[in-house]
There are 2 protein chains.
Amino acid sequence: MIMLNQSRIVAAAVDLIEREGADAVSMRRIATELGVGVMSLYNHVPSKAALLDAVAEAVLSQVEFTDDPSAYWTDRVRIQARAFRQIAHHYPRCTMVVVSRQRTSAAGLLPVERALATLRDAGFDGREAVGLLRMFIAYVVGSLLREVGVAPAIPPVPPDVTSAGVDPALFPVVGELAPYLEECDHEEEFEFGLELLVQAMAVRAGGTVVRGDARG
Amino acid sequence: MIMLNQSRIVAAAVDLIEREGADAVSMRRIATELGVGVMSLYNHVPSKAALLDAVAEAVLSQVEFTDDPSAYWTDRVRIQARAFRQIAHHYPRCTMVVVSRQRTSAAGLLPVERALATLRDAGFDGREAVGLLRMFIAYVVGSLLREVGVAPAIPPVPPDVTSAGVDPALFPVVGELAPYLEECDHEEEFEFGLELLVQAMAVRAGGTVVRGDARG
DNA sequence: GGGTGACACGTACGCTGTACGTGCGTCAAC
DNA sequence: GTTGACGCACGTACAGCGTACGTGTCACCC
């Protein structure tokens, strides 16, 4: 008797995904990992798809919010956005799984609540708050996708299209800006867009642009 | 003799994906679709992964740019963003494939060239232009992912978490804004974020905020 | 005519998800 | 104490997957 249960299975799946990538996930592999027969898993998980949904939910539920309602709303927005980026960094390969399955899970609802509360506090009406949240989620998801996309390949430095094989006649601007296109500090990039979005929201809020960056 | 070739295979794959979803794609299925043996495909395509890369490239290459360098840069940005959304609408289920494989393909280079040229024309320096482009891509990708995510399920109206099963005590704001969360006009939402981004870029450019929306 | 390549094809191997049946442990009812 | 029900780990089995490999049939060139 090995006391199988859903959370142990999900944990093994998360572990496996992080170690060997999402393609390596198979029911047999997970069972072996747990020292268990394949079909035993099905006593706790209805299907592989459901297992991956559970993985997504488990990862998403680990987003830590230390929301401080007394802080200025722009700082609260920044902190919430960074919370997502943090777990995406902690589970880079699972992030792909989370994003690719768009199940509206319960774990995703708390962040939504916090974000909407923040935006309401900032003075936005309901419709605007929802619209801004959707835009924010789109930006964060898109950023994390790019940042995490390098994971499956051998990380060191994929021979980018921009490195040398670009015809300057066809792509003059790309050629000129190649140095900038090759280097990419993901954190810096994320913060750049985040700041632009926050500023844009502040402008829309009608207030003055606030520079109270909350990072250490 | 049935005159197989790569583009016919890719076309069949695109067709199959749009009709039955990415999960339905298998080499055998595509071969059957083409009235051909399975292994014949491998005379024109090295592997399934390469085929999916080719699908992504084919879809991406259909993005139509009618870039008018004489137009004001904000309008050019809007048009380019909408061009992506348009093909995503035309190939909703392939969009997922395009996004999930982050191969830096040649087809993706022309849009980059156009976008960077536009941003340089707007007066941004090289570093800023690249940063803004990355932010823009993140937003567009994130938006399209949300918009396209509904495709695999039965489209009509998935019973959203927000509809009724939400405890107003735990999620007061979500409960209050449920009507806005349930409805989602994707085009309106996309334009909302797009406008906010363009405005933010205009502010950053130091110029005045320009409202020259170019849509008919 | 004989060699050479391109290409459609069949077979086969190891892998996948999972439906189904089986056996064993524990617990409730009689 | 016996019996039945039930939970759960497990083995077997099946259809389907990607693809390595060998084979046969052409068109073409020397």
Side-chain angles (χ1 to χ4, degrees), chain A residues 1-58 93-94 96-98 100-103 152-154, chain B residues 1-58 93-94 96-98 100-103 152-154:
Chain A
M1 196 70 66
I2 314 149
M3 285 292 272
L4 218 48
N5 62 45
Q6 165 144 1
S7 43
R8 261 175 45 87
I9 296 175
V10 170
V14 169
D15 222 59
L16 181 58
I17 292 175
E18 285 308 320
R19 273 186 294 122
E20 307 195 17
D23 290 344
V25 176
S26 80
M27 299 303 270
R28 281 170 230 268
R29 193 81 166 66
I30 293 175
T32 306
E33 210 90 356
L34 290 167
V36 143
V38 195
M39 292 316 289
S40 307
L41 302 177
Y42 285 89
N43 290 321
H44 307 270
V45 162
S47 71
K48 184 186 182 182
L51 172 57
L52 291 181
D53 284 342
V55 165
E57 176 126 2
R93 317 179 92 148
C94 286
M96 203 61 179
V97 176
V98 174
S100 70
R101 348 205 100 237
Q102 75 296 349
R103 320 293 296 117
I154 306 98
Chain B
M1 197 69 64
I2 313 152
M3 285 292 271
L4 218 47
N5 61 45
Q6 164 145 1
S7 43
R8 260 176 45 87
I9 295 175
V10 170
V14 169
D15 222 57
L16 181 57
I17 291 176
E18 285 308 320
R19 273 186 295 120
E20 307 195 19
D23 290 345
V25 176
S26 80
M27 298 303 271
R28 282 170 229 266
R29 192 83 165 67
I30 293 175
T32 306
E33 211 91 355
L34 289 167
V36 143
V38 195
M39 293 316 290
S40 307
L41 302 177
Y42 285 90
N43 290 320
H44 307 271
V45 162
S47 70
K48 185 188 180 182
L51 171 56
L52 290 181
D53 285 342
V55 165
E57 176 125 2
R93 317 180 91 149
C94 286
M96 203 61 177
V97 177
V98 175
S100 70
R101 350 205 99 237
Q102 75 296 347
R103 319 293 299 117
I154 306 98

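Per chain, numbering begins at 1; letters A, B, ... match sequence-line order. Quick note: numbers below take in every heavy atom, side chains included, and nothing from hydrogens, waters or symmetry partners.
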Rounded to whole Å, the NE2-P distance (H44(B) to dC9(C)) equals 10 Å

(request) Tell me whether the OP1 or OP2 atom of dT16(C) has a side-chain N or O from S26(A) closer than 4.0 Å. (result) yes

Heavy-atom nearest pair, N5(B) first then H44(B), reads CA-ND1, 3.6 Å

To the nearest angstrom, the CZ-C1' distance between R29(A) and dC15(C) comes to 13 Å

Taken to the nearest whole Å, CG/L4(A) to P/dC10(D) is 8 Å

Note: K48(B) and V25(B) closest approach over all heavy atoms is NZ-O, 3.2 Å

Rounded to whole Å, the CG-C1' distance (N43(B) to dC7(C)) equals 5 Å

(message) With a 4.0 Å limit, can you tell me whether S40(A) has a side-chain N or O closer than that to the phosphate oxygens OP1/OP2 of dC8(D)?
(response) no

Margin query: Between the base of dG16(D) and the side chain of R28(B), is there a donor and acceptor pair under 3.5 angstrom?
Written below: no

Rounded to whole Å, CD of Q6(B) lies from P of dA8(C) at a distance of 13 Å

M39(A) CE to dC10(D) P, in whole Å, measures 12 Å

Of all heavy-atom pairs linking L51(B) and M27(B), the shortest is CD2-SD, 4.1 Å

- prompt: Can you check whether I17(B) reaches M96(B) side chain to side chain, under 4.5 Å on heavy atoms?
  reply: no

Atom CE of M27(B) and atom P of dC9(C) are separated, to the nearest Å, by 14 Å

note: I30(B), atom CD1; dC17(D), atom P; distance rounded to Å ~ 11 Å

